Amino acid sequence: MKQDNQPAIMQDENQIIAERRAKLAELRNTGVAFPNTFRRDSLASELHKQYDEQSKEALEDSQTEVKVAGRMVLKRVMGKASFATIQDMSGRVQLYISKDHTGQAAHDAFKQYDLGDILGARGRLFKTKTGELSIRVTHIQLLTKSIRPLPEKFHGLTDQEQKYRQRYLDLITNEETRKVFTIRSKIIQAMRDFFVTRDYLEVETPMMHPIPGGATARPFTTHHNALDMALYLRIAPELYLKRLVVGGMEKVFEINRNFRNEGISTRHNPEFTMLEFYEAYQDYVYLMDFTEEMLRSLAVNVLGTTSMTYQKRKIDLAQPFQRLTITQAIQKFHPEYTDTLLNDRTALINKLQAMGISYNPNDGIGGLQLSLFDETTEHLLFEPTFIIDYPAEVSPLARRNENNPDITDRFELYIAGREIANGFSELNDPEDQAARFHEQTKAKEAGDAEAMHFDADYIRALEYGLPPTAGEGIGIDRLVMLFADCPSIRDVILFPQLRRED
RNA sequence: GGGUCGUUAGCUCAGCUGGUAGAGCAGCGGACUUUUAAUCCGUUGGUCCAGGGUUCGAAUCCCUGACGGCCUACCA
């Protein structure tokens with residue numbers, strides 16, 4: 001304890017931090033405390049990949065010298081020789097530090113290093129008597145002093161709140177967490193490749209919208225000072241992307257954030273990442289085939305296989321995805337709902353009321369069926385399933401079906417009981433679109449906070465002519481949850497939204 | 001938003017029907033030249049989430065609040 005040295009800093013800190021601070025102060029006094037001259041030439045996992053299979057003797061003979069750097073996560077001091085495990089972006093590798101190879105002074109200095117310190121080391125590769133690839137260190141250097149103690153080395157960080165608030169600690173200590181975010185990155189990378197190789201153009205449309213649109217949801221509001229105008233964080237990029245199709249960008253996609261001012265749960269974060277893509281001269285049936293192909297391709301690229309386990313249940317994307325209408329899906333799991341019941345408005349309303357399911361009393365038969373579906377069937381769709389034929393009243397941007405104007409050429413894809421994708425043939429009739437916007441604004445005036453605004457410029461764009469187009473959105477976070485087998489959306493977002501800490 | 005469970009040392013966790021707080025890891029001191037969550041001996045460290053109440057006495061019981069997990073509602 002060097003309490004007398006640093007009384008001011010000591011006040012609200014424990015002794016471990018105080019001791020480490022004292023070591024840092026000593027470093028400042030004797031030289032450069034935060035050097036940036038060490039350059040590594042090897043990564044831990046590459047060393048393992050390259051040399052794990054080599055025999056002890058061959059490795060010794062090769063006299064391979066390497067330079068590595070990373071955070072010290074394990075330390076075993078045995079008098080005149082020590083072992084340390086450092087962790088870099090690729091994995092871990094063991095260092096052997098003995099005074100015979102580093103000299104007495106360097107080994108003594110090493111003993112002062114703490115778990116969590118960031119080190120650079122140089123030495124020759126060898127194998128210990130238990131056969132572990134290690135580096136016989138000749139030079140070792142402290143690159144960054146870590147003042148705060150790491151979580152317990154065996155259990156790591158387990159407190160969920162701390163994992164979310166201090167993700168860096170979660171990443172340092174939990175291999176599983178690093179894996180989840182690697183999968184996330186690979187999914188997005190593979191997705192980009194998938195579109196780019198199919199001649200799609202990646203674009204970025206505004207995140208701040210003067211008129212929030214493209215979805216039914218409550219937006220965040222902000223204000224631009226110079227323009228003195230209200231702006232909304234976007235709830236969807238849809239209307240901008242379709243303007244681009246009007247402009248001749250016939251195949252576009254965007255992977256970016258949406259913001260919705262709604263509840264937070266294991267499936268909802270206020271900001272979440274969406275893929276949206278649009279292709280001219282295609283329809284929703286094409287999209288379903290396209291989606292199956294894309295998900296299979298992503299799975300093979302990221303996981304190496306189309307089969308995965310989600311929360312102990314197997315899913316194989318190689319199987320053809322089922323395609324069911326809303327009523328077919330309901331009846332598949334609940335045969336007791338007869339055609340007569342599902343198609344009789346009064347009977348259906350009685351049923352919904354009896355079950356305590358909330359519904360919009362102004363809805364037609366389709367909307368009521370959807371309310372029943374949401375409550376009774378959606379969560380049971382574990383196998384990948386496209387639900388098709390959504391009612392027009394809940395699909396204000398989708399094209400009406402040729403044979404039945406009450407429904408639209410639209411689908412939603414469900415996997416593991418969750419909506420993963422939503423796609424449809426786009427409504428490109430400007431007069432129908434204007435009429436549907438009017439219906440939405442009426443609902444808004446009647447108090448529906450999520451109803452859409454009337455977007456006059458979007459109508460103007462449609463009036464120039466949107467080619468027949470298919471468009472789809474896929475929730476990236478939920479897809480990552482599926483691929484990485486995570487039960488909560490917070491597990492796949494690096495910094496999920498939480499309340500203020502204080 | 002509602003329900004429910006939780007919050008004890010830097011971390012992982014014990015702490016029974018109320019008697020004034022413990023272990024392991026980390027730290028500190030010592031031993032140890034091939035360890036593997038190194039081992040062995042010794043040892044420091046606490047606003048028991050916060051505030052109120054009941055009680056001779058509260059980590060423990062009651063109330064209020066904060067934060068979080070899970071379920072649920074709106075939604076993707």
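As the structure is a computational prediction, the values presented were derived from the model and not from experiment. Note on naming: letters A, B, ... go to the chains in the order of the sequence lines (proteins, then strands), and numbering restarts at 1 for each one.
- In this structure, B/U33 makes no Watson-Crick or G-U wobble pair, since no nucleotide meets both defining distances under 3.5 angstrom.
- The interatomic distance linking A/Ile264 (CD1) with B/C67 (P) rounds to 12 Å, in whole Å.
- No N or O donor and acceptor, one from the side chain of A/Glu132 and one from the base of B/U35, sit under 3.5 Å apart.
- B/A38 has no stacking from A/Phe83 on its base ring, since the centres under 5.5 angstrom apart and planes within 30 degrees of parallel are not both found.
- Between A/Ile16 and A/Ser488, the residue anchored nearer the 5' end of RNA chain B, judged by the nucleotide with its closest heavy atom, is A/Ile16.
- The partner of B/U4 is B/G69, by the rule that a Watson-Crick or G-U pair needs both atom distances under 3.5 Å.
- Under the Watson-Crick or G-U wobble criterion, with both distances below 3.5 Å, B/U55 is left unpaired in every strand shown.
- Dashed line: the shortest gap from a side-chain N or O of A/Lys99 to OP1 or OP2 of B/C32 is not under 4.0 Å.
- For A/Thr128, the listed nucleotide lying nearest its side chain is B/U34; candidates were B/U34, B/U12, B/A76.
- Here the separation of B/A38 from B/U47, taken at their P atoms, is 28 Å to the nearest Å.
- The separation between A/Leu157 atom CG and B/C25 atom C1' is 14 Å, rounded to whole Å.
- By the 6.0 Å and 45° rule, A/Arg399 does not stack over the aromatic ring of A/Tyr284.
- Rounded to whole Å, the distance from CD1 on A/Ile17 to P on B/C28 is 14 Å.
- Pairing for B/A23 is with B/U12, a Watson-Crick or G-U wobble pair whose two hydrogen-bonding atom distances lie under 3.5 Å.
- The shortest distance between the side-chain N/O atoms of A/Lys129 and the OP1/OP2 oxygens of B/U33 is not below 4.0 Å.
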